[in-house]
Each structure stands twice: as structure tokens, then as C-alpha cells.
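Read the numbers this way: they start at 1 and go in the same order the structure lists the ligands and their atoms.
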Amino acid sequence: MPSARPSPAARNRFDFHSHTFLTDGTSSATDMWREADVLGHRALAITDHVALEDPAPLLERLRQEAKAWENEALQTLVGVEVTMVHPRKIPDVVRAARRAGAEVVIVHGETPANPVPPGTNRVVVELNDVDVLAHPGFITVEEAELAKAHDVVLEVTARRLHIVANGHVVRTALEVGNDLIVDSDAHATDELVTFEAARTVARGAGVPDAMLARVLTETPRRLLRRCGKP
Ligand SMILES: [Zn+2]
Ligand SMILES: [Zn+2]
């Protein structure tokens, strides 16, 4: 593969949501991280889907693949996306993922594109140890306020399937003052998005120009530190 790898200083893209063939993606973690490296990412989290099963084998496999990136400019994050779990069970699944060593925990929010169990957004924003509520769909002001109080970052998604509610998410977050990030939710290497593409998604969703640096750089940096990465 031809790779003009960006210098560490030029790396400005952070992505906390992607998948591999270990669940419903089509690329390996190694291939995802390699492509992210070429695209100039500073960090890429693999967050494969988990439900009530033991998350340990999945996380162990991802950790093994992440070893290839130790001491590299690209930061790898190994995590999970808690997906389609009954809201009553979500806190247990989040705890199990943390116990199994997940560096980042996101939850598949109430996108209008899937029959996500109603009440998912509400349970997630009441927890203290979820990093990101992915594609939250028609999140309410009250839920957004709880997300802010518990430091759950809201996601603006670049994934076509889920983009329909991005405008609503941004509008609500601006009203409440939530932190936002732009994730790819890539299921293959060619679905990862560059910094410029993420910027276009943010602007298209209604993020004002004055807030782009916060959404694309400052919040992701803070989140990366919280996930235990330098
Ligand atoms: Zn999802
Ligand atoms: Zn996803």
C-alpha cells in the first residue's frame, strides 16, 4: 500500500466509533487502523457491537491487534458499542465492558433508522461511565441536560443510514450546551472520514463556524485523555 504517512503534528482527525468483521463490518481492525493512519488520524476507536454476551473475547482480540500500534503516532482505542440491549440491562453491559478492559464505551442511541428499544437514550444519559451516545436521534432537551450533567458526549454521525436526525441533535446540543463529536461509524476502511469530510458533516448538521474547533478538536482531545490516552 502506498503510504505517505502524515507527521504527528499534522494529525487532526479523531474518531470514536467504527466496526470490524468481528461484528458486522467488512474490514479487520488492523486494516481500519492502517487506513486511519494513512488518512491522518490522531485516534481511531474500534467499537464493535456487544449485547448480553461476554465482551472479553472481542476486546482481547482487538487488544492483540492494537499491539502493532504501540509507540506509533496513531492512537488506537479498543472499545464496544452497546447495541439493541433492553434499557434495563444496559448498565450491566456497560459495567461488563469496563471490567473486560474497554477503553471506550459508546451506546447505539435511538436513531430513527433502527427499532432501537425506546428508553435507550434516557438510561444512557443517566450513567456516569458511557463516553458517547451514538446517533441519538430525536433526543429530548431533558435527556441532553442529563447527558451534559453526566459528561456523555453526543455524536453527530457521518454514517448515511443515521444522518437524518443530525440537525436535531446539533440544535438540541446548542440549546443545552452539550459537547459534540463527529464519528464515522465506519463498517469498512472506505467509510472512514478525513478531517475535512468530518468538518463538512458538522457544518451541514448546523454546527456554527465558531464552534467547529470545539467539536472537531477540543472535545475529542478531552475525550481521548479521559479514555486514558496521552
Ligand atoms: Zn450504532
Ligand atoms: Zn456503530
Side-chain angles (χ1 to χ4, degrees), residues 13-29 31-33 35-36 41 43-53 55 58-59 61-62 65 76-87 89-91 93-94 96-97 102-125 127 129-139 143 147 152-170 173 178 180-193 197-198 201-202 205 220 223 227:
R13 173 73 186 129
F14 301 79
D15 190 346
F16 293 86
H17 186 170
S18 71
H19 300 278
T20 73
F21 60 42
L22 297 175
T23 58
D24 63 343
T26 55
S27 305
S28 69
D31 285 349
M32 294 294 278
W33 281 319
E35 182 68 14
H41 283 44
L44 173 65
I46 304 286
T47 51
D48 269 317
H49 300 284
V50 296
L52 296 180
E53 76 280 10
L58 171 73
L59 288 164
R61 165 75 187 256
L62 293 174
E65 292 192 57
T76 61
L77 290 144
V78 164
V80 297
E81 180 179 19
V82 179
T83 307
M84 298 289 186
V85 171
H86 189 289
K89 295 277 189 190
I90 288 174
V93 177
V94 170
E103 294 170 316
V104 55
V105 174
I106 75 173
V107 179
H108 185 92
E110 291 181 52
T111 169
N114 308 140
V116 180
T120 294
N121 284 356
R122 174 72 197 210
V123 163
V124 170
V125 297
L127 295 174
D129 52 357
V130 172
D131 295 302
V132 178
L133 178 57
H135 42 65
F138 292 101
I139 187 168
E143 288 162 354
V152 178
V153 174
L154 303 183
E155 182 190 74
V156 175
T157 181
R159 185 160 176 77
R160 228 156 258 187
L161 177 67
H162 299 311
I163 58 173
V164 285
N166 273 351
H168 173 83
V169 172
V170 170
N178 292 94
L180 293 167
I181 55 172
V182 178
D183 285 334
S184 68
D185 199 357
H187 285 61
T189 52
D190 62 0
E191 293 175 357
L192 289 167
V193 297
V201 170
L223 191 51
C227 294

Sequence neighbours excluded, the answer for salt bridge (charged side-chain N to carboxylate O under 4.0 Å, His left out) partners of D48 is none
For E103, check salt bridge (charged side-chain N to carboxylate O under 4.0 Å, His left out) against everything at least two apart and list the hits. K229
What residues form a ring-ring contact (aromatic ring centres under 6.0 Å, His included) with H19, not counting sequence neighbours? H17, H49, H187
So do F16 and D131 actually touch side chain to side chain, heavy atoms under 4.5 Å? no
Going by distance alone, is a donor N or O of one side chain under 3.5 Å from an acceptor N or O of the other, for T157 and D185? no
Does any part of the side chain of P87, heavy atoms only, come nearer than 4.5 Å to the side chain of T120, both counted from C-beta? yes
Atoms named by residue and atom, protein N, O or S, within reach of the Zn ion (ligand 2) (under 2.8 Å): H17 NE2, H19 NE2, E81 OE1, D185 OD1
